[in-house]
Amino acid sequence: LRGIALVHAALGPSQALLRLSVQGLGAIQRSPEAPTYTLGSQVQLTARPGPNYAFGRWSDGATANPRTITAAAENNYSAIFIPTGPLEHLALKQWDRVFGRASLDRLRALRATSDGAFIGGGASYGGLDLNNLPFGFGGADFLVVKLDAHGDKVWEQAFGGSEDDDLQAILPTSDGGFLLGGHSKSGKDGSKATDGYGRNDYWVIKVDGQGAKQWEQTFGGPGDDELAAILPTKDGGFLLCGNSESGRGGNKTTPAFGGIDIWLIKLDGDGAKQWEQCFGGDNTDVVRSVLETSDGGLIIAGTSLSQA
């Protein structure tokens, strides 16, 4: 990165210009500030590095900062700034992309993929396109976009029923595919092939590396059940983590304890439920993070308003 500051002015016989430039990320402050300087006058130069850079030296080899120079007929000074870490670790924008349909689109998840690329997804609301033709399955759909390493779109897929379906999590799987998870208000319609049970259900979809659906599962009781995260397990399965307002009902077999409980569901690699557990007290208990421990157990962290 290079920058240069040059002041143009009509020069008298005893006046001089001060030409300042930088190498790297930073700026030079001079005092006093003036368009021209009288020959022999003194000017203080202060090199101020930008984020993730440090001052190294001046182009003439001097290292004092600030430094005082005497205005001469020619005055060319460059401050050299050096990065404080590898350049690839600096937050310098390389590209940006915008994806979506002709309505409201909300990104919920972004993951790196095994091929050095990226996959992102979220909720995309249906509507009318520029030709006034309807698109989408219902209120909101799962929308997933696979990118290459340069941010260019490789493929996109939408999944949904006639109601709101909100993607919350994407998990790359060992076979090169992805497990998509969120919550759904839809029944069996649109591209959703499993029944709904309550106001909101957990909905997970397994897709291959090209975005084609391989299987799906819906889990829920009679109330609101909202999936927040998906965790891979050491046995090749998956752990669904979220929050539930439902008691027993639908395909939920665990009772409710309070207003909102933490609800975990363990799946095998093919999406079959192996077990489920609810944790909670007499009020609201919300999961924030789950980790698998070395002995195959789990540490669950969250927020609780319940009494002990």
Side-chain angles (χ1 to χ4, degrees), residues 104 106 108-109 121-126 136-144 158-171 179-207 213 215-231 237-268 270-290 298 300 302-306:
L104 178 63
R106 290 180 172 147
R108 306 289 198 198
S124 176
Y125 286 79
F137 297 102
D141 304 322
F142 284 17
L143 182 64
V144 185
F159 304 95
S162 58
E163 301 295 334
D164 285 341
D165 307 295
D166 198 336
L167 176 69
Q168 295 290 316
I170 301 175
L171 178 69
L179 189 64
L180 317 176
H183 38 266
S184 172
K185 292 182 178 180
S186 297
K188 187 191 296 185
D189 54 22
S191 66
K192 187 172 185 287
T194 49
D195 289 322
Y197 299 104
R199 292 190 296 271
N200 256 318
D201 303 312
Y202 289 13
W203 188 28
V204 291
I205 304 171
K206 174 64 171 65
V207 299
K213 183 167 69 173
W215 52 261
E216 67 175 87
Q217 290 280 22
T218 298
F219 303 98
D224 271 319
D225 306 299
E226 297 190 352
L227 180 67
I230 307 171
L231 182 74
F238 311 101
L239 184 70
L240 309 184
C241 313
N243 306 296
S244 174
E245 295 183 6
S246 295
R248 288 190 180 99
N251 62 0
K252 184 176 186 287
T253 61
T254 48
F257 296 103
I260 300 175
D261 302 316
I262 297 171
W263 188 27
L264 307 182
I265 304 175
K266 173 64 168 64
L267 308 182
D268 66 18
D270 296 317
K273 184 169 75 171
Q274 296 180 302
W275 54 259
E276 65 175 271
Q277 286 286 355
C278 249
F279 301 95
D282 59 359
N283 205 318
T284 295
D285 306 289
V286 178
V287 67
R288 299 299 184 191
S289 182
V290 179
L298 299 168
I300 305 165
T303 301
S304 175
L305 297 179
S306 295

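For the single chain, residues carry numbers from 1 onward in sequence order. All figures in this text were calculated on a predicted structure; none of them were measured in a lab. Heavy-atom basis, side chains included; hydrogens, waters and symmetry copies ignored.
- Partners of Glu245 under the salt bridge (Lys or Arg N to Asp or Glu O under 4.0 Å) rule, at least two apart in sequence or in another chain, are Arg199.
- In this view, Arg248 and Pro255 satisfy the side-chain contact (heavy atoms from CB on, under 4.5 Å) rule, not counting sequence neighbours.
- Residues that satisfy the salt bridge (Lys or Arg N to Asp or Glu O under 4.0 Å) test with Lys185, not counting sequence neighbours, are absent from this structure.
- With rounding to the nearest 0.5 angstrom, the CD1 atom of Ile205 is 11.0 Å from the CD1 atom of Ile170.
- In terms of heavy atoms, Ala169 sits closest to Ala229 at CB-CA, 4.2 Å.
- Separation of the Trp203 and Phe142 ring centroids falls under the 6.0 Å cut-off.
- Evaluation of the side chain to side chain donor-acceptor pair (under 3.5 Å) rule for Lys273 yields Glu276 as partners, not counting sequence neighbours.
- Annotation: salt bridge (Lys or Arg N to Asp or Glu O under 4.0 Å) contacts of Asp141 (sequence neighbours excluded): Arg101.
- Of the possible donor and acceptor atoms, none in the side chain of Glu226 sits under 3.5 Å from a partner among the backbone N and O of Asn200.
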Test Ser306 against Asn283 for side chain to side chain donor-acceptor pair (under 3.5 Å), laying out the working first. CA-CA 5 Å; Ser306 295; Asn283 205 318; 5.7 Å; no
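- Residue Gly220 comes nearest to Asp201 through the heavy atom pair CA-OD1, 3.5 Å, listed as atom of the first residue, atom of the second, then distance.
- Within the 3.5 Å criterion, the main-chain N or O of Ser191 finds a donor-acceptor partner in the side chain of Lys213.
- In terms of the ring pair (Phe, Tyr, Trp, His ring centres under 6.0 Å) criterion, Phe159 has no residue partners (sequence neighbours excluded).
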